[in-house]
Amino acid sequence: MPEESESHLRRSRRAKVEDLRARGVDPYPYRFADRIPAVEAVARGTPLAPGETAPGPAVRVAGRLLALRSHGKTSFLDLEDLSGAIQLLLSTETLGDEVYRRWLADLDPGDLVGAEGLPARTRRGEPSLQVRSLTLLAKAIAPPPEKWHGLKDPEERLRRRYVDLLASPETRARFRARSLLLRGLRRFLDEEGFLEVETPVLGQVASGAAAAPFRTRSNYLASELQLRISLELHLKRLLVGGLERVYEVGRIFRNEDLDSTHSPEFTMMELYWAYEDYGAMAGLVERLYASLAARLPEWLPDSAAARTAPETFRPPFRRVDFVEELEARSGISDLLGRSREELRSLARGVGATVPDESPAGTFLDKLFDHYVLPTLDRPTFVFDFPTVTTPLAKRHRSRPGRVERFELYCRGYELGNAYTELNDPEEQETRFREQLAARGEETYAYDADFVEALRYGMPPATGLGIGIDRMMMALAGIPSIKDVILFPLVRGRPGESSVEGPTGPP
RNA sequence: GGGCCCGUAGCUCAGCUCGGUAGAGCAGGCGGCUCUUAACCGCAAGGUCAGGGGUUCGAAUCCCCUCGGGCCCGCCA
């Protein structure tokens, strides 16, 4: 526990804890069984007439006290659990003067309590629980945020997400929706016959994408390790091994900035499907998004996104060709016939500031981002990227200079990236070497064991990658990635839980 | 990496332009109230004005530095 100067609020609550203990009451008891959700308790009271109390049976609810409104001999307490809130009705009439006063004196907003009582409606018609017994389940020493405004400070909402969650039903609903979305995704893939697998986070070299890895060290191996930046190369090894349809939902790590659409650790879903190509994959992606969007109203009710998503993601999705669409939007002809220098000056012309020595594909990507991306306001597959930036995809079966790859875009978000996978070991080796030659540092690391795996024979296959955080953002209409990650990376503050002693490589 | 903005009580915010004893609401304490639901009424209390330095008779306010955060741009899938 950090030493912090105790506010008078905390002192007062701590004093109540001591007082409870002195009276033999455990402020942190072990269990409160047989409770029903608050909304269900509300439903039991709703059919009653105003002023009426049900004869029975008694019900039990548990949750956090939001507000206490005391009127002398009657008091109203709002209790909230994950399902919703219910009003507790306390009166000297049912409890007796002494017990009533004792309970009110013991309790504060933020406390966790269990209540048993009879469903009732107040004279004003509010469904309530006429309380017979009340049990403190955990005394809150720290006072909750203000009941009306909640926790607004964006920094505190991230640093102390638990306070954001306890104070905000909207935040709880958002993260619950993320969980349900993930469950829906797994169910869909399971039903399609895919096996969920787990592959290593730690390895000698992180490959499968172009990104700076986090580095750490194994004491056992006495060597540097890297955290994965992609799931791809291990999952393809599983295709070699005969698992045929596999997917993984896992955290990957890229040593980059945190901004509204990037997080240094984020959740990636990748799947690999033997004996199919990227055309089949486009069909699967379409069905996947349509099925998830259709259920969004159930997962995140009362949201604008839930109302529009089922229609937005109704198949078939629009399909465009990377080069044709870019040429049409930009008015530039013969893009693939142009030199790297020409493409660079075209990219510079639209404000891109990438390094001069970047490969041609980088300049094409910049042009695409400028001319085409803003026009993709409904789900659109972009097909057949130029070969240059995609070392893991198979060359297009009929179009020179292209690979069999598509990305799905919607409203500026990339919602999926798929290839017909390269499975020729010699070509894979060449493409890795070209990458290394072209860019040096941040590029696809050469993974010799992966090439060796391909030499045993990887079936023809298609693969897909979807960033789950962005999928959640796009479906639920949330503009910042920090709002879909429970505990985003934040800078440490002096004096806060620092690690002592040696912590890793210098 | 560049620019703009923010940090005041546990929480939500005034006060800063134009320097002069630190303010409100909620929450907490005491008292009152048998139907409220942002309950209400009365009384009393609550501050490292993010941190450090400077200017000044005097700094929450002006200047500089540091820390933390937000937004935009750039970079990065």
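Note that this is a predicted model, so its numbers are computed, not measured. Letters A, B, ... are given to chains in the order of the sequence lines, protein chains preceding strands, and every chain is numbered from 1. These numbers come from the heavy atoms of this one structure, side chains and all, not from hydrogens, waters or symmetry mates.
Rounded to the nearest 0.5 angstrom, Asp483(A) CG and Leu158(A) CG are separated by 7.5 Å. Atom CD of Glu198(A) and atom NE2 of His234(A) lie 13.0 Å apart (nearest 0.5 Å). The distance from atom CE of Met471(A) to atom CG of Leu288(A), rounded to the nearest 0.5 Å, is 4.5 Å. The CZ atom of Arg64(A) lies 8.5 Å from the CG atom of Asp111(A); values are rounded to the nearest 0.5 Å.
The phosphate of C35(B) has neither OP1 nor OP2 within less than 4.0 Å of any side-chain N or O from Lys73(A).
The salt bridge (charged side-chain N to carboxylate O under 4.0 Å, His left out) contacts involving residues 74-90 of chain A comprise Arg35(A)-Asp81(A), Arg69(A)-Asp78(A), Glu80(A)-Arg172(A), where partners must be two or more places apart or lie in separate chains.
Nucleotide A27(B) holds its C1' atom 17 Å from the CZ atom of Arg14(A), rounded to whole Å. Taking atom NE2 of His262(A) as the reference point, atom P of C75(B) lies 11 Å away to the nearest angstrom. With rounding to whole Å, Gln130(A) atom CD is found 11 Å from C35(B) atom C1'.
C43(B) is paired with G29(B) under the Watson-Crick or G-U wobble criterion, all donor-acceptor distances under 3.5 Å.
For Thr92(A), the side-chain atoms get nearest to U34(B) when compared with the rest of G28(B), C76(B), U34(B). In this structure, of U37(B), G69(B), U34(B), it is U37(B) that holds the atom nearest to the side chain of Asp78(A).
Classified by interplanar angle (parallel below 30°, tilted 30° to 60°, perpendicular above 60°), the ring pair Phe368(A)/Tyr409(A) is tilted. Using cut-offs of 30° and 60° on the angle between ring planes, the pair Phe313(A) and Phe317(A) is perpendicular.
When the nearest nucleotides of RNA chain B are assigned to Glu414(A) and Ser12(A) by heavy-atom distance, the more 5′-ward of the two goes with Ser12(A).
Within 4.0 Å of Ser75(A), counting heavy atoms only, lies no atom of the nucleic acid at all.
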Per-nt protein contacts along nucleotides 4-12 of chain B (heavy atom under 4.0 Å; B base, S backbone sugar-phosphate only, - none) come out as ------BBS
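Both the sub-6.0 Å distance and the 45° axial angle are not jointly satisfied by Arg340(A) relative to the ring of Phe363(A).
Residues of residues 100-113 of chain A having a heavy atom closer than 4.0 Å to RNA chain B, listed by number: Asp108(A), Pro109(A).
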